[in-house]
Amino acid sequence: IGECRYMARPYLSNVDAAMLQLDEPTNPMVITTVMVFGSPIDYEHLKATLKVRLLDIARFRQRLAWSRGGIGRPYWEEDPGFDLGYHLQRARLGTAAPADQDVLQKAVGLLASTPLDMSRPLWQLHLIDGYGDGSVLVVRSHHAIADGVALVHVMLSLTDPEPDAAWPGPEPADPPRPGRSRLKAIQQGAGMLKHPSLLRSLGRMGLGATADMGRFLISEPDPDTALRGELGYNKRVAWSAGVPLEEIKTIGKALGGTVNDVMLSVVAGALRRYLKQRGESVEGIDLRVTVPVNVRPLGDGGKLGNRVGAMFVTLPVSIADPVCRLGEIVQHVNGRKNSLEAPVYFAALNVLGRAPAPITKGLVNTFGKKASVVMTNVKGPQEQLYLAGAPLTELIAWVPTTGGMALGLSVLSYAGEVRLGVLTDGGLMPDPGAIIAGFHAEFESLLGRASGSVDDTEA
């Protein structure tokens, strides 16, 4: 009986364990999500929603445990002292007057800098009142629970398609997962690039996979810029206003390229502007970004755990002309679509999850030196959603960075708009708002070129 109980323990997968090993005080492996609402959220309504729709998922009631005196393989166990009051914190921004986005961004940066309590279930929600006319929900969840695809899926599954939905109550046996139908768009992944061979096993990849990874490992590290360095405790965040998705599509149709190509080009221009503002040369500078790519089979988008690989995309920061820059990115991205980097990277994490933490961190840092930015791109639902009766108006999420990368970028579409979120190391990049300003300037420049007006502003 004892052996059966031992074998029945829900052990972390090797990839989930690798995420746990990478956690450190200066760079906690925590995914931070910001959900902004247009009206105040009723606390009791939210709590009832969490009890029915979140806590029915076992992982959100479980904490980490270790076998054999703390040195064995970690596994999940029910937290005997689970307290929803601890995991759902409540606060208010500023004074009696409603706070603005700058105040909110400082508060989110502070939360993003704070590690989670490893003796409790590895998540926490912060309901923040006093922001404009509504509320904000800041969600922090450890990467060991799941990757960004699954966590965004879970958070959106708390919502309803209408504001007057009934309060959640006891569910019938084996109910359909809340939000499943309207989350179909994100089930197929968070990567900018759809990979044609993600489901093939590593053993069948053969020489092509080996050659792809070999070329990457012998490539030069990314150049030393303000985007890299020794990370500290302080994190800062900023995010853009919503950019109409239709305008991005207009640029793509007029100049060539997908929505993702356009966003990559605009981000490259924003980074060009930022480096120049910092007094750095952009002559001949190309920067690699690490792009997470979902490797789940179709239909498994809502399952927890980490099923994410990575691809490395080069941004031609040296190119001043936005149209030429977009053309270069389209050519580069099209050439990478058959790369085997994503599944090979996932397989490598699977191996690293069985290695001692110092080896895992060392090898991940080696990978990290090959890039300067972690950038996610998630297509969220395009219809209006509500949580506890309040309309969700903005949605932003960041994954943690590794390997000395001071910058994490998030591109997330929701309800017909796309937002860029910026997370930085405060000691190396104390001014994330400058990247947001560059993003808007670059987008307007590219939109002007697409519509036929001339904008020769030098980035």
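All values reported here derive from a predicted model rather than from experimental measurement.
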*Do the rings of Tyr75 and Tyr11 sit parallel, tilted or perpendicular, given the 30° and 60° boundaries?*
perpendicular

*Residues Val139, Trp123; criterion side-chain contact (heavy atoms from CB on, under 4.5 Å); working and verdict*: CA-CA 8 Å; Val139 183; Trp123 62 275; over 6 Å; no

*Passing option when Gln124 is tested against Leu116, Val30, Leu111 for side-chain contact (heavy atoms from CB on, under 4.5 Å)*: Leu116

*Drop me the distance from Glu220's CD to Arg288's CZ, to the nearest 0.5 angstrom.*
8.5 Å

*Mind listing the closest non-hydrogen atom pair of Val317 and Leu271 along with its distance?*
CG1-C, 4.4 Å

*Contact summary for Ala226 and Tyr274, nearest pair of heavy atoms*: CB-CE2, 4.5 Å

*Judged by atom type as modelled, is there a donor-acceptor pair below 3.5 Å linking the side chain of Arg61 to the main-chain atoms of Leu55?*
yes

*Kindly indicate, with the supporting measurements, whether the criterion side-chain contact (heavy atoms from CB on, under 4.5 Å) is fulfilled by Leu93 and Asp129.*
CA-CA 6 Å; Leu93 286 174; Asp129 298 315; over 6 Å; no

*asked:* Measuring only between side-chain heavy atoms, which start at C-beta, is Glu417 closer than 4.5 Å to Val243?
replied: no

*Assess whether side-chain contact (heavy atoms from CB on, under 4.5 Å) is satisfied between Leu409 and Leu420, documenting all intermediate values.*
CA-CA 7 Å; Leu409 299 177; Leu420 175 70; 4.2 Å; yes

_Between Lys235 and Asp425, does any side-chain N to carboxylate O distance fall below 4.0 Å?_
yes

*asked:* I'd like to know if the side chain of Asp286 pairs up with that of Thr314 as donor and acceptor (distance under 3.5 Å, no hydrogens or angles considered).
replied: no

*Any donor and acceptor pair, going by atom type alone, linking the side chain of Gln382 with main-chain N or O of Gly416 inside 3.5 Å?*
yes

*Polar side-chain atom of Thr114 near backbone of Leu110 as donor-acceptor pair, under 3.5 Å*: yes

*Can you find a pair of side-chain heavy atoms, one from Leu304 and one from Asp147, that are under 4.5 Å apart?*
no

*Search all heavy atoms of Ile396 against all heavy atoms of Ser410 and return the closest pair with its distance.*
CG2-OG, 4.4 Å

_I want to check something: taking the side chain as every heavy atom from C-beta on, are Leu122 and Ser141 in contact at a cut-off of under 4.5 Å?_
no

*Does a side-chain N-to-carboxylate-O contact under 4.0 Å join Lys370 and Asp222?*
no

_Arg59 side chain to Trp76 backbone, donor-acceptor under 3.5 Å_ = no

*Side-chain contact test, heavy atoms from C-beta onward, threshold under 4.5 Å: evaluate it for Tyr414 versus Gln384 and give yes or no.*
yes

_Derivation and outcome, side-chain contact (heavy atoms from CB on, under 4.5 Å), residues Met375 and Val411_ = CA-CA 8 Å; Met375 182 173 178; Val411 176; 3.5 Å; yes

_Which residue is it: Val237, Ile31, Val374? I am looking for the one with a side-chain contact (heavy atoms from CB on, under 4.5 Å) to Trp398._
Val237

_Exercise: do Ser119 and Asp117 side chains pair donor with acceptor under 3.5 Å_ = yes

*Got a sec: does the CD of Glu162 have more than 12 other heavy atoms crowding it under 6.0 Å?*
yes

_Note: Lys106-Asp100 ion pair, threshold 4.0 Å (strictly below)_ = no

*May I ask you to check whether His87 and Phe60 place their ring centres under 6.0 Å from each other?*
no

*Taking the six-membered ring of Tyr86, is NZ or CZ of Arg120 closer than 6.0 Å to its centre and within 45° of its axis?*
yes

*Shortest non-hydrogen contact from Pro432 toward Val422*: CB-CG1, 3.7 Å

*Would you say the side chains of His45 and Trp167 form a donor-acceptor pair under 3.5 Å?*
yes

_Test item: Asp431 side-chain N/O and Ala434 main-chain N/O as donor-acceptor pair under 3.5 Å_ = no

_From Gln105 atom CD to Arg236 atom CZ, the distance as rounded to the nearest 0.5 Å_ = 11.5 Å

*asked:* One pair to check against side-chain hydrogen bond (donor to acceptor under 3.5 Å, both in side chains): His126 and Arg90. What are the steps and the verdict?
replied: CA-CA 6 Å; His126 305 266; Arg90 193 173 189 182; over 6 Å; no

*Asp160 (side chain) donor-acceptor with Ala165 (main chain) under 3.5 angstrom*: no

*Supply the atom-to-atom distance Thr401 OG1 to Arg228 CZ, rounded to the nearest 0.5 angstrom.*
9.5 Å

*Rounded distance [0.5 Å steps], CG in Leu156 versus CE in Met35*: 5.5 Å

*Any idea which heavy atoms bring Lys47 and Leu84 closest together, and the distance?*
CG-CD2, 3.4 Å

_Would you say that Trp239 contacts Phe439 through its side chain, given a criterion of any heavy-atom pair below 4.5 Å between the two side chains?_
no

*asked:* Distance check, rounded to the nearest 0.5 Å: Arg53 atom CZ versus Ser157 atom OG?
replied: 8.0 Å

_For Ser240 against His440, the heavy-atom pair lying closest together_ = CB-NE2, 3.4 Å

*Sub-4.5 Å side-chain heavy-atom contact between Glu383 and Pro161*: no

_If you count every heavy atom of other residues, nucleotides or ligands that lies below 6.0 Å from Asp83 atom CG, does the total exceed 12?_
yes

*Are any of the side-chain heavy atoms of Val138 and Thr32 separated by less than 4.5 Å?*
yes

*Quick one: pull up CG in Leu392 and OH in Tyr386 and give me the separation to the nearest 0.5 Å.*
10.0 Å

_Heavy-atom side-chain contact between Leu46 and Leu88 under 4.5 Å_ = yes

*Please check if atom CG in Asp133 has more than 12 non-hydrogen atoms from other residues, nucleotides or ligands closer than 6.0 Å.*
no

